Amino acid sequence: MKKSEISYFAILGIAGFLLFLFLEDFVFQSLIHPSGSNIFIQNLYPGLQEKIRIFGDSGILDLVKQLKIRWLLLMGFGFYLFAYSKKMGEITSSQSNIAWRIKLFFVVQLIYLPDLLKELRVRAQWKPLYEPLPQFSFFGSSFPLEYYLQLTGVLIFGLTAVLVLAKWAEKEFIPLTISILIWLGWTFLLSIFLGFGKIDHTYATLYAGMVGTMIYQTIIFLKKGHNGLAFGVFQAFIWGCYFFSGMEKITLSGLSWISDSHFNVLCQLHPTKICQYLGGISGLGPILLFFGLAFQLLSCLQWAWPKWGFVTIICGILFHLGTWQILDIGGWQSPWIVMLLFLWPMNSQKIESQNPK
């Protein structure tokens with residue numbers, strides 16, 4: 001990288017750190033004493049007042065103090081992605097090889113669409129309790145008629161069929177448009193799904209993959225011959241789910257996350273015979289938590305070293321099967337496990353120079 005590019009990230013990181021440090025008290029006061037000028041914070045995070053009630057002012061202040069540290073981590077992550085973006089462009093695979101993977105992803109999301117529609121049909125029994133998240137309020141203030149939900153599902157199926165079955169050339173606008181429409185359909189369904197005060201992460205990687213495919217199609221549309229970078233970005237939206245989950249654990253809990261006491265708390269919240277048994281073995285709980293956290297944090301290595309994807313796939317499958325058996329969270333049919341397979345590395349080789357000699 002050029003020195004000017006390194007300086008850009010360094011200056012931006014330091015400037016943001018100092019700004020958050022300067023505004024720390026102001027942000028804290030805005031959180032606990034919302035006014036008309038900062039009510040957007042409450043709209044952005046509807047559960048904030050509940051968090052204030054649970055953690056108290058001092059607990060919220062501790063979270064606010066993390067903002068400057070999280071900013072530095074974000075700048076570091078951005079620098080890492082930027083530094084290896086050229087290398088991602090040099091990772092290549094045949095256009096058809098990448099294309100069928102993207103089409104397979106759209107087929108996979110259709111497998112879970114009926115399950116989402118079924119869950120929405122169940123939630124329709126509690127329509128009076130529905131309260132849309134503020135960022136999705138433009139979809140409507142009340143639980144929609146089942147007709148609209150089913151129609152959205154049919155449209156997603158139809159658009160996906162066109163995207164998967166048709167043959168598209170590079171730099172065509174139609175596949176990008178269809179990807180955006182499919183994403184909007186899923187956004188609508190998920191916004192309804194999350195409108196009962198409980199966040200469900202079941203479809204997290206599926207939804208992240210849809211965002212990744214839009215960026216993939218955009219890169220292909222704008223820059224011919226960037227298949228490697230485009231598909232690498234798609235994969236980043238999958239492993240990024242794990243990486244940022246691990247970062248959240250570190251910034252909120254630190255090393256306390258891998259303690260015996262935390263493992264016992266997990267066992268109390270998810271009382272299974274296996275968890276109780278493992279919790280009775282001194283030191284075993286922290287070891288399991290450590291390896292789970294390490295798998296999440298190291299998933300980002302695939303950006304610089306694509307073959308790390310093999311490690312992430314194996315560890316990820318073990319991670320999800322383990323949480324299923326030990327904590328009774330998820331299951332073998334979880335979309336998380338299926339989405340891991342899209343991290344299968346591409347061929348790694350240099351693109352031959354096309355310049356005439």
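Here the structure is a predicted model, which means the values were calculated and not measured.
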* Asked: Any side-chain heavy-atom pair from F106 and T213 closer than 4.5 angstrom?
  -> yes
* Asked: Do L104 and I337 belong to the same hydrophobic cluster, where Ile, Leu, Val, Met, Phe, Trp and Tyr are linked whenever their side-chain heavy atoms lie under 4.5 Å apart, directly or via other members?
  -> yes
* Give me the ring orientation class for W239 and F243: parallel if the planes are under 30° apart, tilted from 30 to 60°, perpendicular past 60°. => perpendicular
* Asked: In chain order, what residues pass the side chain to side chain contact (heavy atoms under 4.5 Å, CB included) check against I274, with sequence neighbours excluded?
  -> T272, L278, Q325, I326
* **Name of the residue among L343, L206, T312 meeting side chain to side chain contact (heavy atoms under 4.5 Å, CB included) with I238** => L343
* Is there side-chain contact between F295 and L318, with at least one heavy-atom pair below 4.5 Å? -> no
* First locate atom CG of L194, then atom OH of Y130, and finally report the distance between them rounded to the nearest 0.5 Å. => 9.0 Å
* Asked: Taking the side chain as C-beta and beyond, is there a heavy-atom pair between F77 and F244 under 4.5 Å?
  -> yes
* When clusters are formed by joining ILVMFWY residues with side-chain heavy atoms under 4.5 Å apart, either directly or through shared neighbours, do V265 and L289 land in the same one? -> no
* Do other residues, nucleotides or ligands put more than 12 heavy atoms under 6.0 Å from Y80 OH? -> yes
* Asked: Do the ring planes of F105 and F342 sit parallel (below 30°), tilted (30 to 60°) or perpendicular (above 60°)?
  -> perpendicular
* Side-chain contact, heavy-atom cut-off 4.5 Å: F17 with I69? -> yes
* Asked: Taking atom CG of L67 and atom CG of L21, what is their separation to the nearest 0.5 Å?
  -> 11.0 Å
* Asked: Is a side-chain donor-acceptor pair under 3.5 Å present for W303 with Q235?
  -> no
* Steps toward side-chain contact (heavy atoms from CB on, under 4.5 Å) verdict (Y203, E119) -> CA-CA 12 Å; Y203 305 99; E119 290 286 346; 4.3 Å; yes
* To do: Give a yes or no on this: more than 12 heavy atoms of other residues, nucleotides or ligands lie within 6.0 Å of atom CD of Q66.
  => yes
* Asked: Are the ring centres of F291 and F319 closer than 6.0 Å?
  -> no
* To do: Tell me, yes or no, whether the heavy-atom count around F157 atom CZ, taken from other residues, nucleotides or ligands under 6.0 Å, exceeds 12.
  => yes
* Are L190 and L155 co-members of a hydrophobic cluster defined by side-chain heavy atoms under 4.5 Å apart? -> no
* Under the side-chain contact (heavy atoms from CB on, under 4.5 Å) criterion, do I178 and W183 qualify, and how do the steps go? -> CA-CA 9 Å; I178 294 177; W183 169 75; over 6 Å; no
* **Test log, rule side-chain contact (heavy atoms from CB on, under 4.5 Å), inputs R70 and L74** => CA-CA 6 Å; R70 293 191 181 206; L74 182 62; over 6 Å; no
* Does any non-hydrogen side-chain atom of I180 lie less than 4.5 Å from one of M214? -> yes
* Taking the side chain as every heavy atom from C-beta outward, state whether T160 and L163 have any atom pair closer than 4.5 Å. => no
* Does the ring centre of F310 sit less than 6.0 Å away from the ring centre of W344? -> yes
* In terms of ring plane angle, is the pair W336 and H320 parallel, tilted or perpendicular, where the classes change at 30° and 60°? -> tilted
* Structure fact -> Here the gap from L340 atom CG to T205 atom OG1, rounded to the nearest 0.5 Å, amounts to 7.5 Å
* **Salt bridge flag under 4.0 Å for residues K127 and E146** => no
* Asked: Atom CD1 of I329 and atom CG of L269: how far apart are they, to the nearest 0.5 Å?
  -> 9.0 Å
* Structure fact -> Per side chain to side chain contact (heavy atoms under 4.5 Å, CB included), L176 is matched among L181, T218, L222, I215 by T218
* **Worked check of side-chain contact (heavy atoms from CB on, under 4.5 Å) between T202 and F193** => CA-CA 11 Å; T202 303; F193 183 71; 5.6 Å; no
* Please tell me if the side chains of F290 and I287 come closer than 4.5 Å, counting only heavy atoms from C-beta onward. => no
* Asked: At what distance, to the nearest 0.5 angstrom, does CG of L229 lie from OH of Y216?
  -> 11.5 Å
* State whether the number of non-hydrogen atoms from other residues, nucleotides or ligands found under 6.0 Å of L255 atom CG is greater than 12. => no
* Nearest 0.5 Å, what's the CZ-CG distance between R121 and L116? -> 10.5 Å
* Would you please classify the geometry between the F9 ring and the F79 ring as parallel, tilted or perpendicular, with 30° and 60° separating the classes? => perpendicular
* With a 4.5 Å limit on heavy-atom distance, are the side chains of V338 and Q333 in contact? -> no
* Asked: Between Q296 and K249, does any side-chain donor sit less than 3.5 Å from a side-chain acceptor?
  -> yes
